[in-house]
Amino acid sequence: MSHENIVWHWEQATPDEIAQGMRWYADAHHVATAITNGDAHLGAGMLAIYSPQQGWIGNVLNAARVLREGKGIGGPGSGMFATTGQKRAADRLLAGERYEDILNGPKIRDFAHLIEFGGDQDPDDPRVVIDRHALSVAHGRALTSEEYDSAPVNGFRRKDGTVSRRQYDHVVSLYRRAAELISARTGQRVSAHQVQAVTWLARQRLNQEAEQRRGPNRLDRGRNRARANSERAWNDFRTVYLPHLANCPGTGYQSAA
């Protein structure tokens, strides 16, 4: 695991991926405000709550549905890929609690933060979302779900309310170093979260290209069907309820719908 692997992935990114990644969190901030009529904190928190084990488009759809209906959704019989715990967290957020007091892991806390502010609130306190793809980038290869789950980056909430981040922040430091090198090479200031977003897009495209070369397996086909269903459902929902929402950041995958 190294910052060199992150820089290598940046170098594999297409010009379009770089452009998309540089504005990814700004576009996600736009989504958060659109689905809440301007409340970026609420929108970012809801997107973070429904992000685990969910593709981005499905995440946006679930959060938008909950906000429109005004109640948490999840658990058996909900018709939505979400847990009872997510439903309870969503209800707490809707009741006025801050997402900082609800979310436990550093990944979803940083995800909410970056979406709320469209990037870092404080450039001297950089946030990076270390999901499986971001950790794969740092490792220089695609990690399996099992490898990611065994990595010590999840963190936990201590009794005093703080969240442990030591191992997580080690990976963040690699992205910060990569951002410094890329900024020096390009002559343009690039933030660590922008490096993460650009390389995240590139990594997912590379994953899809590898899948196409070897032929999709059963798990790949299931994921592709789920992604296609989410894209169709989101397009239908957006057309009816959010026609003014023009820009929704992508994932690096070709459209499955």
Side-chain angles (χ1 to χ4, degrees), residues 1-10 21 24-25 28-29 41 44-54 56 59 83 85-86 88-89 92-93 97-184 189-204:
M1 188 166 60
S2 68
H3 68 267
E4 288 93 345
N5 289 333
I6 300 171
V7 173
W8 180 87
H9 275 81
W10 176 280
W24 202 94
Y25 286 104
H29 171 83
H41 184 273
M46 198 63 73
L47 287 166
I49 285 170
Y50 283 100
S51 65
Q53 305 300 317
Q54 182 65 265
W56 168 242
N59 179 193
T83 66
Q86 287 171 300
R88 290 171 180 157
R92 290 174 62 188
L93 189 67
E97 289 191 56
R98 299 166 67 248
Y99 68 69
E100 293 90 341
D101 298 325
I102 299 171
L103 304 175
N104 291 324
K107 179 183 73 173
I108 56 174
R109 287 167 66 94
D110 283 3
F111 191 50
H113 177 96
L114 289 167
I115 292 175
E116 179 181 4
F117 296 103
D120 291 313
Q121 182 183 29
D122 179 0
D124 294 325
D125 180 25
R127 309 295 181 96
V128 180
V129 178
I130 308 300
D131 66 359
R132 179 167 63 91
H133 299 299
L135 194 61
S136 295
V137 168
H139 275 273
R141 65 175 179 86
L143 299 179
T144 65
S145 296
E146 291 75 17
E147 287 175 316
Y148 174 70
D149 290 341
S150 66
V153 294
N154 290 333
F156 60 92
R157 185 182 290 275
R158 302 184 181 96
K159 290 183 178 180
D160 65 0
T162 62
V163 174
S164 68
R165 302 180 54 104
R166 187 171 66 86
Q167 296 294 336
Y168 188 93
D169 280 343
H170 172 65
V171 187
V172 172
S173 72
L174 298 180
Y175 274 89
R176 188 172 189 176
R177 176 58 178 154
E180 291 170 351
L181 292 172
I182 293 166
S183 297
R189 187 181 184 281
V190 181
S191 299
H193 69 268
Q194 292 174 316
V195 173
Q196 176 254 308
V198 169
T199 57
W200 183 79
L201 292 170
R203 181 68 259 166
Q204 293 189 92

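Given the structure is predicted, the values throughout are model-derived calculations rather than measurements. We count residues from 1, following the sequence as given.
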[X] and [Y]: side chain donor to acceptor below 3.5 Å:
X      : Y      : value
Asp120 : His193 : yes
Glu116 : Tyr25  : no
His9   : Gln196 : no

Original post:
Is the CZ atom of Arg92 crowded by more than 12 outside heavy atoms at less than 6.0 Å?
Top reply: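 Atom CZ in Arg92 is crowded, with more than 12 foreign heavy atoms closer than 6.0 Å.
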Original post:
Should Ile108 and Ile49 be marked as a side-chain contact (heavy atoms from CB on, under 4.5 Å) after you check the CA-CA gap, both sets of side-chain angles, and the distance that decides it?
Top reply: CA-CA 7 Å; Ile108 56 174; Ile49 285 170; over 6 Å; no
Would you say that [X] contacts [Y] through its side chain, given a criterion of any heavy-atom pair below 4.5 Å between the two side chains?
X      : Y      : answer
His41  : Met46  : no
Asp110 : Val128 : no
Val195 : Ile182 : yes
Arg109 : Leu114 : no

Any sub-3.5 Å donor-acceptor pair from [X]'s side-chain atoms to [Y]'s backbone N or O?
X      : Y      : answer
Thr199 : Val137 : no
Arg132 : Leu143 : yes
Gln54  : Ser51  : no
Ser191 : Gln194 : no

**OP:** State plainly whether the residues Asp131 and Arg203 are in salt-bridge range, i.e. N to O under 4.0 Å.
**Re:**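 Salt bridge: no.
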**OP:** Using a strict 4.0 Å threshold on nitrogen-to-oxygen distance, state whether Arg189 and Glu180 make a salt bridge.
**Re:**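 Salt bridge flag = no for Glu180 with Arg189.
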For [X] versus [Y], what's the shortest heavy-atom pair and its separation?
X      : Y      : answer
Ala197 : Trp24  : CB-CB, 3.8 Å
Leu135 : Ala151 : CD2-CB, 3.6 Å
Ala112 : Leu103 : CB-CD1, 4.0 Å
Leu174 : Met1   : CD1-CG, 3.5 Å
Leu201 : Gly21  : CD1-N, 3.6 Å
Ile115 : Ala28  : CG2-O, 3.6 Å

**OP:** Evaluate the ring planes of Trp56 and Phe111, with Trp represented by its six-membered ring, and classify them as parallel (under 30°), tilted (30 to 60°) or perpendicular (over 60°).
**Re:**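 Taking Phe111 first and then Trp56, their aromatic rings stand perpendicular (interplane angle over 60°).
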[atom1] of [X] to [atom2] of [Y]: how many Å apart, nearest 0.5 Å?
X      : Y      : atom1 : atom2 : value
Arg176 : Ser173 : CZ    : OG    : 9.0 Å
Asn5   : Ser136 : CG    : OG    : 10.5 Å
Arg127 : Ile130 : CZ    : CD1   : 12.5 Å

Subject >> Centroid-centroid under 6.0 Å between Tyr175 and His3 rings >> reply: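 Distance test on ring centres: not under 6.0 Å, no.
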**OP:** May I have the step-by-step check of ring pair (Phe, Tyr, Trp, His ring centres under 6.0 Å) for His113 and Phe117, ending in yes or no?
**Re:** CA-CA 6 Å; His113 177 96; Phe117 296 103; 4.9 Å; yes
**OP:** From the options Arg165, Gln167, Arg166, select the one residue that forms a side chain to side chain contact (heavy atoms under 4.5 Å, CB included) with Pro106.
**Re:**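 Passing option: Arg165.
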Original post:
Which residues pass the side chain to side chain contact (heavy atoms under 4.5 Å, CB included) test with Ser150, sequence neighbours left out?
Top reply: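 Counting only residues at least two positions away or on another chain, Ser150 forms no side chain to side chain contact (heavy atoms under 4.5 Å, CB included).
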Original post:
Yes or no on side-chain contact (heavy atoms from CB on, under 4.5 Å) for Val129 and Lys107, after CA distance, side-chain angles and deciding distance?
Top reply: CA-CA 5 Å; Val129 178; Lys107 179 183 73 173; 3.7 Å; yes
